[in-house]
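Chain identifiers are assigned alphabetically (A, B, ...) following the order of the sequence lines, protein sequences preceding nucleic acid strands; residue numbering begins at 1 within each chain. All values below were derived from every heavy atom in this structure, side-chain atoms included, with hydrogens, water molecules and symmetry-related copies excluded. This structure is a prediction, so every number in the text was calculated from the model and none was measured.
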Amino acid sequence: MISLALASMRARPFPIILVILALTSSMALLLAVDRIKVATQNGFNQSLSGVDLVLGPRSSGIELMLYTVFHLGKPTNNITTETFNDIAQDPRIKWAVPIALGDSHRGYRVISTTDEYFERIKFAGDQSLQFREGSAFKELNDVVIGSAVADALGYTIGTSMFVTHGSGSLGELHDDFAFQVSGVLAPTGTPTDQAIFVSLEGYELVHLGWTNGSQAISLKSIDIQKIPKERLYPQTITAAYLGLTSKLGLFQVARSINEYSEEAVSAIIPGVALTELWSIVGSVDSVFKLLNWLIIGISIIAMMTMTMTALESRTREMTILRALGATPLHLSSMILAEIVLISSFSVLVAIGLVRVLTWISVDLLSEWAGIRIELIWITTNELAILGLIVFAGLIASLIPAAMVYKRSLHRGFSN
Amino acid sequence: MILETQQLTYQYKSGKTLYFPDIQLHPDEKTLVVGPSGSGKSTFLNLLSGVLPIQKGSITLNAHSYATQTRQQLDKLRADHIGIIFQSLNLIPYLSGFENAALSLQFSKERRTHVSDIDTSIKHLAEGLGLKSEILAKQPKAMSIGQQQRIAVIRAMLGKPALILADEPTSALDPIATEQFMKELTRSIDPAKQAVIVVSHNPALFPLFDRVVQIGESA
């Protein structure tokens, strides 16, 4: 019956191809959306690793995560260096890396930090940041840039740049002190690729002579070499990444920071905050999925409609087969076999299509959106989803199959 | 005996009732069933082929009484023991002549056992019907009506079913082709095992048959 079903389908190529196209594209879309979602979620969860706590001014955990990890939004407040040092001296804290935010360069956030940042901050599990070129800060004017910044702006080691005061494009340029690219980070697929790093001292230097957001004294009129080192140590920082000596004390340390009485500070656990943040961002994915399933439902209905429409024109074929001894069950099975063949073929084409599309777009997505999609054929979860679609198609095809059964049972040969 | 019908009647939902004459058919016998339009010739064929359920009377084919058979068994009985030829559109359009002819073995193990080599058997039957072997490779749309009818005969004959039922098989043919076709059809049967029933209203066919059965109607 399968060879007969195949031959019958070959005789009706146009509607069959249209149905296969509809099913294939809807299934490929479902797989693609799912893979992008998984890759985005993985990238999201792996944006920051190796950090046990993020210390910042008292605010919501999500807000703190947005500006410390994703470089989005503006810090509401700063914390004093005194508080940071006090907390960092807690014996349960193994290391602490401060960051100060506020400036930008051509739309990219400038993060001022210490060179320990490149050693402590990890991504995608336990991968350390690597330098594609150059190294971390050695001089006051050294700047390290993320791979996406380097690629987009065409910067390389030695390129000079000024930073802009504030995060917007309307900020005043710190054009009295030029930074020079000393290192370019290797791609990570995280917001780090889009960041520019300067030393805390360098950051403090360009803000010398600034009051209330505007420049009062230019650095050009000052001999930078004569500025005392302690004068370049910041009075405030935006946040700090903390590493603990033991993970077991995580909640205790977080609680004691949250109860710190000298200043309103808070400590968040990155994993918890990321999950909380994903639950908000990830809800968009549910809408996409719902739309996808609707498209698949429509494709299955199209397949069923095509089969039912073709039944009228296949009356003679069915009559001949009945005359040859085919039972109504044989004929119904032929219809079911057609549906299974169409949907199974569509599944295979969809898998192949997604594989090809992934192969084509894997670098593009990584560079453009920082999304790293795995180059795989199919996961068991995806296979289960596609199996469910084939099963749904089979269930839907029971209607035309039952129609064939009923007709062939009662219809004589002369009709 | 190949076929025996006794006091066969059929009542439609409208209340109209058809009464069919008793038939006894032995090997090598050729029976022509005649009757005006609406007399129930097609209903008679549907009853003989086991597609319509028997309401009254009996049919026995190769010692199998239809009354004791389930629907599935009747389908199997038809696949094993009956070869059917329609008046036109006998072939499945997307299959070649050869594939159409071989289709009769798809649903019958018994008929398959009578065919040692499908290719040779089909070519042999085609030769007997004056059909060139290259026609077998063609699809129905590339064949004449006469060639299509001959492929239908090969399909009905393959595997030597006991009863050949033909419903107006020559209605689309001209008189010369009709006579030639009927001669080829009756010549193709195995006189030891097979018998033929042809339904037609063409009086020119009468001399070619052993017996002519008239079907009429009465309320």
Using 0.5 Å steps for rounding, measure from the [atom1] atom of [X] to the [atom2] atom of [Y].
X: A/L329; Y: B/D75; atom1: CG; atom2: CG; answer: 10.0 Å
X: A/L6; Y: B/Y94; atom1: CG; atom2: OH; answer: 10.5 Å
X: A/L4; Y: B/E99; atom1: CG; atom2: CD; answer: 9.0 Å
X: B/Q106; Y: A/H330; atom1: CD; atom2: NE2; answer: 8.0 Å
X: B/L103; Y: A/I320; atom1: CG; atom2: CD1; answer: 8.5 Å
X: A/L324; Y: B/L158; atom1: CG; atom2: CG; answer: 10.5 Å

Should we count [atom1] of [X] as having more than 12 external heavy atoms under 6.0 Å?
X: A/I2; atom1: CD1; result: no
X: B/F206; atom1: CZ; result: yes
X: B/K30; atom1: NZ; result: yes
X: B/Q7; atom1: CD; result: no
X: A/F14; atom1: CZ; result: no
X: B/Q72; atom1: CD; result: no

Please flag which part of [X] lies under 4.5 Å from any non-hydrogen atom of chain A: side chain, backbone, both or neither.
X: B/L91; value: backbone
X: B/R155; value: side chain
X: B/S108; value: neither

Charged tip of A/R322 within 45° of B/F107 ring normal and under 6.0 Å: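 Pair A/R322/B/F107 does not count as cation-pi.
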
Heavy-atom closest contact (B/A79 atom, A/G325 atom, distance):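 Reported closest heavy-atom pair: CB-CA, 3.6 Å.
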
